[in-house]
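Quick note on labels: first sequence line is chain A, next is B, and so on, each numbered from 1. From a predicted model like this one, the values you see are computed outputs, not experimental measurements.
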2 protein chains.
Amino acid sequence: MDKRKMRHIPHKTIERLSQYRRALLICQATGKTHIFSHEIAKIQHITAVQVRRDIMLIGYTGTLRKGYNITELVNLIGIILDTDEVLNIAVIGIGNLGRAITKYFSGKRTKLKISASFDTNPDKIGKKYAGVDCFHINQLEKIIKEKNISIGIITVPSSETIEIKNKLVNSGIKGILNYTPKPVDVPDNVYLEEYDMTTSLEKVAFFVKMH
Amino acid sequence: MDKRKMRHIPHKTIERLSQYRRALLICQATGKTHIFSHEIAKIQHITAVQVRRDIMLIGYTGTLRKGYNITELVNLIGIILDTDEVLNIAVIGIGNLGRAITKYFSGKRTKLKISASFDTNPDKIGKKYAGVDCFHINQLEKIIKEKNISIGIITVPSSETIEIKNKLVNSGIKGILNYTPKPVDVPDNVYLEEYDMTTSLEKVAFFVKMH
DNA sequence: ATAACATTGTGAATTTTTTAACAAAATGCT
DNA sequence: AGCATTTTGTTAAAAAATTCACAATGTTAT
């Protein structure tokens, strides 16, 4: 599948493909070799048609009455989602959340690697967290260039968000994942994703309230 | 606005209302009293029409050429999103992520309160994290009933997810926010929201790859 | 006072996403 | 072999979400 076709894959499908892969890897570990669309659907709480359509969109074809070959499907999702070379990632702010992410991510995906972390706390600098070196934030631009880091995950206190974002943008970062409750602005050539737990929690609260 | 009307508010709008409130509170703190739809839009990286439509859906009306009264709008969003009584929340698993959430959330919303946390590590039990007591997981059902907890946030290692989910469901929990990479199944009367960082990160990676 | 402008609110159009419906074909049963 | 069943792949329909387009109208400038 070439880039031209990939551009037409809906955003939602991209998210689901990531989720499918996660589920497929779990299933694969149990020794299963094939899986039906309705099995994937059940795991993800969506419909089987949705799964089949997503898989259709990436041009994979299952076997009638046998379902999808898990290994092949995982590989194809890898071709869509993963980069050829390893993509280096930096975590900025190695507090509880930064450490959770660093730890959680170590060794999880072969093509995504947390290659550095940053903080201002002198006690943390020079240490390793889940095998990842922690540098002082004033080294940010230097290290990002040296280590060819293309994605930054911001987990600093929200008062620092803007400053860190600016530093990241100045270092030529390609993508930012902002876990801070402070929304930021980035130039067009930087891809931005923001997530705030409060929103998820308030959403749950709303639907709980509505029964 | 009554519950009947609230039911027709789209899910996406609910999420954005939460985000608007966050942004509005920040603006309010700077002394601003009014805000234009395009200002909110800018902060949230969406269009002004979208903002106006969302606000229209909740039945609020701005002033021509003055924009929306921030205090009034914040209050109205509160009427939509918040419960009348405080909603009690439990965090299960007080590792890095659990602590990050507990700390981040303390005192953030008056109607949402983290009232208990749980773990199995004996060193943690009996301690307080950001002012929240930590109990042993085998106390889960008891404490949830005692403290009238309606939402559970799961931040345990994914091998424990299912067990914790079952305990939560058995305790009569109303909503679950699962931060574990292991998808779970819940009965219809429990509202479930799942979030996995890997998906966000892979999405950023994909769009970085696509330029 | 008048014109130019800015901004809301909303019906209609468009786009995106999801679901329904069903033909095609492999498998197993009798 | 023939029939019922299962499951994929896909076209078409429906639903959900977003954007366009513009009337209404208050504000500012001249």
Requested in this report: Have a look at A/Ser37 and say if it touches a base, only the backbone sugar-phosphate, or nothing, with a 4.0 Å heavy-atom cut-off.
Outcome: sugar-phosphate
Report task. Quickly work out the A/Ile55 CD1 to C/dT18 P distance and round it to whole Å. Result -> 15 Å
**Report entry** Integer-rounded Å distance: C/dT18 C1' and B/Lys12 NZ
**Finding:** 12 Å
Query raised in the report: Are B/Lys167 and B/Glu141 ion-paired here, with the side-chain N under 4.0 Å from a carboxylate O?
Result: no
Query raised in the report: How close or far is atom P of D/dT7 from atom NE2 of A/His34, stated in whole angstroms?
Result: 13 Å
Query raised in the report: Which of the following nucleotides, C/dT18, C/dG9, C/dA21, is nearest to the side chain of B/Tyr68?
Result: C/dG9
Report task. Report the distance from atom CD1 of A/Ile9 to atom P of C/dT16, rounded to the nearest whole Å. Result -> 15 Å
Query raised in the report: With ring centroids as reference points, do A/Tyr191 and B/His211 lie under 6.0 angstrom apart?
Result: no
Query raised in the report: What nucleotide, of D/dA17, C/dT19, C/dT7, holds the atom closest to the side chain of A/Gln50?
Result: C/dT19
**Report entry** Salt-bridge contact B/Lys42-A/Asp185 (side-chain N to carboxylate O under 4.0 Å)
**Finding:** yes
**Report entry** Ionic contact status for A/Lys182 with A/Asp196, cut-off 4.0 Å
**Finding:** no
Query raised in the report: What is the distance from CG of B/Asp54 to P of C/dG9, rounded to the nearest Å?
Result: 13 Å
**Report entry** Sidechain-backbone polar pair: A/Thr63 side chain, A/Lys66 backbone, donor-acceptor under 3.5 Å
**Finding:** no
Requested in this report: With the side chain of B/Leu64 defined as its heavy atoms from C-beta on, choose the nearest nucleotide among C/dT7, C/dG9, C/dT19.
Outcome: C/dT7
Report task. Would you mind reading off the distance between A/Ile46 atom CD1 and C/dA20 atom P, rounded to a whole angstrom? Result -> 14 Å
Query - Dot-bracket encoding per residue of DNA chain D, Watson-Crick/G-U cut-off under 3.5 Å, | denoting interstrand - result: ||||||||||||||||||||||||||||||
Query raised in the report: Which part of the nucleic acid, if any, lies within contact of B/Thr61, taking any heavy atom under 4.0 Å across all strands shown: a base, the sugar-phosphate backbone alone, or nothing?
Result: sugar-phosphate
Query raised in the report: Any sub-3.5 Å donor-acceptor pair from B/Lys209's side-chain atoms to A/Asp82's backbone N or O?
Result: yes
**Report entry** B/Tyr68 and B/Phe36 aromatic centres sub-6.0 Å
**Finding:** no
Query raised in the report: Mapping A/Lys66 and A/Met56 onto DNA chain D by nearest heavy atom, which one lands closer to the 5' end?
Result: A/Lys66
Query raised in the report: Given atom CZ of B/Phe36 and atom P of C/dA6, what is their separation to the nearest angstrom?
Result: 11 Å
Query raised in the report: Whole Å only: how far is the CZ atom of B/Arg52 from the P atom of C/dG11?
Result: 14 Å
**Report entry** Any N/O donor-acceptor pair, A/Arg65 side-chain to D/dT5 base, under 3.5 Å
**Finding:** yes
Query - Polar pair under 3.5 Å, donor/acceptor by atom type, side chain A/Arg53, base D/dT11 - result: yes
